[in-house]
Structures are given as C-alpha cells and as structure tokens.
Amino acid sequence: MPHLTSTAAGATRTGFRTALGIPGYPHPLVAPAQWAELARPGTPLDWVVLDIAAGPGTRPDPHCLEAAGRLRAAGVRVLGHLDLAYGARAFGDLLSDAHRHLDWYGVGGFLLDRCPTERTALPEVRRAITTLRAISDTAHIVLGHGRHPHPGYAENADQLVTFSGPWSDYRWSQAAEWTADYPPDRFCHLVHGLPRGHLDEALRIARWQGAGTIYFTDRTDRDGRVGPWETMPGYWDDIVSRVGTGVSE
C-alpha cells in the first residue's frame with residue numbers, strides 16, 4: 001500500500017481541500033462540450049491549462065479566446081502552457097510565449113511543463129519564475145516536473161506536479177519526506193489509466209501523500225502514442241462529486 005516515507009508526516013495529511021487541475025483539453029472547436037463542462041458552476045477546479053499549440057500559438061485564436069473568457073467569467077483560473085523542454089528552451093522564446101498568453105488570453109498564471117528536477121537547473125528555473133512574476137505579479141506558477149524534484153523548487157513556485165503517470169505506478173508510489181514541510185495546496189498529482197473501481201483508493205492516496213490538486217482519468221497513453229489528458233474521464237461526474245464533497249479516510 002502507498003505510504004509516506006515518514007509516519008509523523010502522515011499525521012498532518014488529513015482534513016484539507018482537494019480540487020481538480022486540468023492539464024489541458026484539445027482545441028475548443030474540437031471539444032466544445034468538454035470546455036463548456038469546465039465552466040459549469042460548482043465544479044471544484046483549481047486551474048485549467050490552455051495549450052493551443054504547445055504554447056499560445058502564433059496568433060490569437062477566437063475559439064480559445066471565447067473558452068478562456070468563459071472560464072474566467074466563471075471564476076476559474078486559466079494557466080498558459082509553457083514548455084521548458086527540461087531546461088533546453090531558450091529564455092527569450094519562453095518569455096515571448098508568456099507575453100502572448102497574457103496579452104491574448106488574460107491567463108492567471110502558467111504551467112511550466114517538462115520542468116527539470118535537478119538542483120543544477122534550479123537557478124535557471126528560478127530566473128524564469130522571477131521574470132514571469134515581474135510581468136504578471138499575481139501569476140500562479142505550477143512546475144510540471146512529473147516526479148519529485150530537488151526540494152529547492154518548492155521555495156519558488158506556487159505548486160509542483162510531483163507525480164504524472166499511470167495508475168500502475170501511482171498505487172505503489174511514495175511521497176518524498178521533504179514534502180511534509182509544505183501544505184497540500186503546494187502539490188499536484190496527475191494519474192492516467194485509473195479504473196473507475198479504484199477512484200476512491202486513488203483519492204485516498206493523494207490525501208495521504210499530501211496532494212491538494214489532482215486529475216485522474218481512465219484514459220491511457222497507449223504506450224506513449226496519445227495524450228491521456230485530452231478527453232474527460234468516463235467517470236467525470238463521479239470524480240466531480242467525490243472531490244466536491246471530499247473523500248472519507
């Protein structure tokens with residue numbers, strides 16, 4: 001059974017709010033019903049990522065403008081997708097994409113996808129975050145590591161994605177001991193290939209490991225051939241209900 005590396009830390013992991021973080025859906029013209037569903041009142045959303053073309057695209061898209069505007073009007077935080085390419089992305093290109101996201105879509109923050117995890121890359125990531133906050137002082141910054149990074153990253157961002165992968169790995173995963181020093185709203189878990197019958201178990205794991213933001217889906221990546229996050233899970237209504245009311249320990 002999944003567990004924390006510290007039993008003392010586990011005692012601090014109860015009684016917190018869980019919300020959904022949406023890694024991004026296909027273009028609103030292709031998936032209009034999915035984007036409309038996200039704006040439904042009462043949906044327990046933390047944020048929704050807007051990713052037009054691995055970023056903001058080359059020109060404002062009217063369909064994305066409408067979708068982002070509808071979400072903002074519903075009080076939902078929209079994040080622009082920025083690809084760090086594990087530290088290989090040119091700083092100027094990253095900043096240009098950030099400005100486009102802000103100017104065109106009025107995003108409330110950014111998901112820095114494919115974020116490095118090593119201590120040596122921390123100064124450059126810190127530089128990027130500092131610059132993003134300079135151009136948008138209220139920006140919500142999420143680092144998309146996909147696994148536990150060096151703990152220094154937690155001092156610079158609002159949230160870290162410390163798990164992104166299949167249920168077969170998640171059900172046996174462990175939280176790094178240093179995460180116990182931070183509240184649950186600092187961590188996000190993204191899990192695909194999760195059967196409906198294990199939904200409550202996965203929610204309990206997220207709570208035990210201290211992840212306040214989650215996204216679970218029964219879709220799979222088909223051995224890396226497709227994006228598992230691109231369609232809503234078949235149990236969308238179930239997960240909205242469970243997250244909205246909490247899950248018993």
Side-chain angles (χ1 to χ4, degrees), residues 19-40 43-58 60-72 74 76-86 89 97 100-101 104-105 107-115 142-147 159 161-170 188-196 198-199 202-203 206 211 213-240 242-243:
L20 297 170
I22 310 299
Y25 287 144
H27 192 282
L29 188 61
V30 176
Q34 293 181 194
W35 285 94
E37 180 68 21
L38 295 178
R40 188 174 67 177
T43 304
L45 293 172
D46 195 352
W47 39 259
V48 175
V49 175
L50 183 66
D51 183 10
I52 293 89
T58 57
D61 184 292
H63 302 286
C64 294
L65 286 167
E66 181 181 359
R70 189 184 303 118
L71 288 172
R72 291 198 310 272
V76 177
R77 181 189 289 124
V78 179
L79 303 182
H81 179 275
L82 298 176
D83 186 3
L84 290 186
Y86 302 113
R89 184 81 185 281
D97 277 0
R100 289 172 179 166
H101 273 304
W104 297 345
Y105 303 110
V107 298
F110 303 96
L111 169 68
L112 278 60
D113 200 13
R114 298 202 294 171
C115 186
V142 180
L143 300 183
H145 304 285
R147 57 193 178 95
Q159 284 185 302
V161 179
T162 53
F163 184 92
S164 180
W167 166 242
S168 57
D169 292 340
Y170 189 61
C188 174
H189 291 173
L190 309 175
V191 183
H192 62 77
L194 172 67
R196 182 191 298 266
H198 292 281
L199 183 55
L203 285 166
T213 301
I214 57 98
Y215 187 70
F216 299 155
T217 180
D218 50 359
R219 312 309 183 189
T220 69
D221 64 356
R222 299 182 186 176
D223 297 323
R225 297 193 301 272
V226 300
W229 321 118
E230 293 185 357
T231 57
M232 282 183 167
Y235 45 67
W236 172 255
D237 288 339
D238 287 346
I239 195 169
V240 167
R242 284 168 166 78
V243 171

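In what follows, every heavy atom counts, from backbone to side chain, and hydrogens, waters and symmetry copies are set aside. Just so you know, residue 1 is the first one in the sequence shown, and it goes up from there. Remember, it's a predicted structure, so these values are computed and weren't measured experimentally.
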**Student:** I would like to know whether Ile22 and Leu38 meet side-chain contact (heavy atoms from CB on, under 4.5 Å); could you show each step before the answer?
**Tutor:** CA-CA 9 Å; Ile22 310 299; Leu38 295 178; 4.0 Å; yes
**Student:** Rounded at 0.5 Å granularity, tell me how far CD1 in Ile52 sits from CZ in Arg100.
**Tutor:** 11.0 Å
**Student:** For the residue pair Asp218 and Arg196, establish whether any side-chain heavy-atom pair is separated by less than 4.5 Å.
**Tutor:**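 Side chain of Asp218 against side chain of Arg196, heavy atoms only: no contact under 4.5 Å found.
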**Student:** Would you compute the distance between atom CH2 of Trp236 and atom CZ of Phe216 and round it to the nearest 0.5 angstrom?
**Tutor:**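 Going from CH2 on Trp236 over to CZ on Phe216, the span is 12.5 Å.
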**Student:** Quick one: CG on Asp113 to CG on Leu79, what's the gap to the nearest 0.5 Å?
**Tutor:** 11.5 Å
**Student:** Can you confirm whether Asp83 sits close enough to Asp97 that some side-chain heavy atom of one is under 4.5 Å from a side-chain heavy atom of the other?
**Tutor:**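 Asp83 does not reach Asp97 side chain to side chain.
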**Student:** Under the criterion side chain to side chain contact (heavy atoms under 4.5 Å, CB included), which of Leu143, Val142, Leu111 is the partner of Gln159?
**Tutor:** Val142
**Student:** To the nearest 0.5 Å, what is the distance between CG (Leu71) and OH (Tyr105)?
**Tutor:**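 Answer rounded to 0.5 Å: 13.5 Å.
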**Student:** His189 and Thr162: side-chain contact (heavy atoms from CB on, under 4.5 Å), yes or no, with the steps?
**Tutor:** CA-CA 6 Å; His189 291 173; Thr162 53; 3.3 Å; yes
**Student:** Can you see which heavy atom on Cys188 is nearest to which on Trp47, and at what distance?
**Tutor:**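 Shortest heavy-atom contact: SG-CZ2, 3.9 Å.
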**Student:** Report yes or no: does Arg219 contribute a side-chain atom to a donor-acceptor pair with the main-chain N or O of Met232 at less than 3.5 Å?
**Tutor:** yes
**Student:** So how far is it from Arg242 CZ to Ile214 CD1, rounded to the nearest 0.5 Å?
**Tutor:**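 Output value for this atom pair is 11.5 Å.
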